[in-house]
Amino acid sequence: MHTLGRRVLVVAFDGWNDAGEAATAATDQLRGSRSYERVFSVDPELYFDYMYSRPHVETDPDGRRALRWPEATIWRPQATARGTRLWILSGAEPARAWKSFAADLIDAALSEDVTGIVALGSMMSDVPHTRPITVFSSSENDELRSALSLERSTYEGPVGILSVITSAAEEAGIPTASLWASVPHYVAGHSPSPKATLALLDKLEEITGAKVARGSLPGEALAWEATIDAAAADDEEMTEYIRQLEQTRDTWDSPEASGEAIAQEFERYLRHRGDGGPGPGRGRPPRR
């Protein structure tokens, strides 16, 4: 059976695929935990619209000001080690020519002898911040799903750049998996979301076998949760809403829960909301 192999490319993009900055914070944590070198960057003139992904002016350590252009870059771990090594692809979602963009990056991945790809994403969902963050783990590769106990997404509809890259990778013979963390939608003002980042890294380590340093994320996740607890304590409506989310989550997670019990709890939750159904993007990844 196929696994992801020992040379795994971890992919995350800012923007639409990155609720609570959870996915890009995960790749930032990986890059900050060891030495990496840049091995490939796309030409920004070909793929980015500077009206939406503007260049930034920055001051370097020597006091010189320079422009930093939007990018998508593959980074190689410098130190060799036993076990699985993690390459990183990070950057901004392109505005145009997605097929060529993906082809350029997959060609670069093949030149690095990458054996597997894991795409990281995060989405706003109707989930409570007080419970473990759910990570939806899927793959379109039959053998990889069997080897790693992954699911197969049933979503149909518009997608983001992660889907384009993973599809191109599979066509090129590189097995891929996708990990999507569910970020509580009511904490949108409390970004980044270190608890979601931590959940992504935990799952990444589980399916790749790579040792992943967590750094200060466990403490930051506790502080993040405490901050939201404090905000909810001053808001009765928010407190009640979180309690309902907790009840729903606990019912779904209960080992003795039957399909009928879960359906009844879900219907009760929807009736209380009074909107007849969940909104876009709630509960499962909308665009990937």
Side-chain angles (χ1 to χ4, degrees), residues 2-15 17-42 71-81 83-93 101-102 104-123 133 135-141 144 148 150 160-170 172 174-181 192 194 196-215 217 285 288:
H2 281 302
T3 63
L4 292 163
R6 297 296 182 90
R7 301 167 69 91
V8 177
L9 177 64
V10 182
V11 182
F13 284 88
D14 350 344
N17 308 275
D18 194 29
E21 302 172 28
T24 51
T27 52
D28 287 346
Q29 171 61 28
L30 293 175
R31 277 190 59 199
S33 66
R34 62 189 62 192
S35 296
Y36 277 86
E37 60 182 326
R38 183 193 305 261
V39 294
F40 177 78
S41 290
V42 299
E71 64 177 7
T73 298
I74 292 178
W75 302 85
R76 176 198 300 143
Q78 287 187 303
T80 58
T84 302
R85 299 169 65 199
L86 300 178
W87 274 246
I88 295 169
L89 164 57
S90 59
E93 188 171 63
F101 179 84
D104 281 352
L105 292 167
I106 295 305
D107 284 347
L110 289 169
S111 71
E112 288 291 300
D113 295 324
V114 163
T115 58
I117 289 178
V118 179
L120 305 183
S122 49
M123 57 187 174
I133 295 291
V135 176
F136 180 75
S137 309
S138 66
S139 176
E140 293 302 303
N141 185 295
L144 199 60
L148 299 177
L150 304 177
I161 193 60
L162 292 180
S163 286
V164 177
I165 288 175
T166 55
S167 176
E170 286 286 349
I174 306 175
T176 68
S178 297
L179 307 180
W180 282 80
T197 297
L198 196 58
L200 285 171
L201 291 176
D202 288 346
K203 193 65 179 181
L204 177 66
E205 183 174 88
E206 177 186 327
I207 69 170
T208 64
K211 296 298 181 184
V212 176
R214 307 307 197 277
L217 280 172
R288 288 194 294 228

ask   = Charged N to carboxylate O under 4.0 angstrom, R76 versus E112?
value = yes
query = Can you check whether P77's main-chain N or O pairs, donor with acceptor, with R85's side chain at less than 3.5 Å?
reply = yes
key: L201 and Q29, any side-chain heavy atoms less than 4.5 Å apart   = yes
request  = I would like to know whether T115 and L4 meet side chain to side chain contact (heavy atoms under 4.5 Å, CB included); could you show each step before the answer?
outcome  = CA-CA 6 Å; T115 58; L4 292 163; 5.7 Å; no
ask   = In Å and rounded to the nearest 0.5 Å, what is the CG to CD distance from L150 to E140?
value = 11.0 Å
query = Do we see a donor-acceptor contact under 3.5 Å between the side chains of T166 and T176?
reply = no
ask   = With a 4.5 Å limit on heavy-atom distance, are the side chains of I88 and T73 in contact?
value = no
message = If you compare all heavy atoms of I133 against all heavy atoms of A181, which two are closest, and at what distance to 0.1 Å?
response = CG2-CB, 4.1 Å
ask   = Can you tell if the side chain of W75 reaches within under 4.5 Å of the side chain of S90, non-hydrogen atoms only?
value = yes
query = Within a strict 4.5 Å, meaning less than it, do heavy atoms of the L200 and L198 side chains meet?
reply = no
message = side chain to side chain contact (heavy atoms under 4.5 Å, CB included) for L179 and V118? Distances and angles first, verdict last.
response = CA-CA 7 Å; L179 307 180; V118 179; 3.8 Å; yes
inquiry  = Quick one, D18 with T24, criterion side chain to side chain donor-acceptor pair (under 3.5 Å). Give me CA distance, side-chain angles, the key distance, then yes/no.
reply    = CA-CA 7 Å; D18 194 29; T24 51; 2.5 Å; yes
ask   = Between atom CG of L144 and atom CD1 of I117, what is the distance when rounded to the nearest 0.5 Å?
value = 11.5 Å
message = Just so I know, are the side chains of F40 and L105 near enough to count as touching, which here means a heavy-atom distance under 4.5 Å?
response = yes
note = In this structure, CG of L148 is separated from OG of S138 (nearest 0.5 Å) by 11.5 Å
inquiry  = Could you report the tightest heavy-atom contact between S137 and K203, atom names first, then the distance?
reply    = OG-CE, 3.0 Å
ask   = Just by modelled atom types, is the A19 backbone N or O under 3.5 Å from a matching donor or acceptor in the S122 side chain?
value = yes
query = Ignoring hydrogens and geometry, is there a side-chain-to-backbone donor-acceptor pair from E37 to Q78 under 3.5 Å?
reply = no
message = Within the 4.5 Å heavy-atom criterion, are W87 and V10 side-chain neighbours or not?
response = no
key: Interatomic distance, L86 atom CG to L30 atom CG [nearest 0.5 angstrom]   = 6.0 Å
ask   = Does any N or O in the side chain of T197 come within less than 3.5 Å of the main-chain N or O of A22, such that one atom is a donor and the other an acceptor?
value = yes
message = Looking at R7, I'd like to know if its CZ atom is crowded, meaning that more than 12 non-hydrogen atoms belonging to other residues, nucleotides or ligands lie closer than 6.0 Å.
response = yes
message = If you define the side chain from C-beta out and look only at heavy atoms, does anything of I74 sit under 4.5 Å from L9?
response = yes
inquiry  = Measuring only between side-chain heavy atoms, which start at C-beta, is W180 closer than 4.5 Å to L120?
reply    = no
message = Can you tell me how far apart OG (S33) and CZ (R214) are? Round to the nearest 0.5 Å.
response = 10.5 Å
inquiry  = When you measure from the side chain of E93 to the backbone of N17, do you find a donor-acceptor pair of N or O atoms at a distance under 3.5 Å?
reply    = no
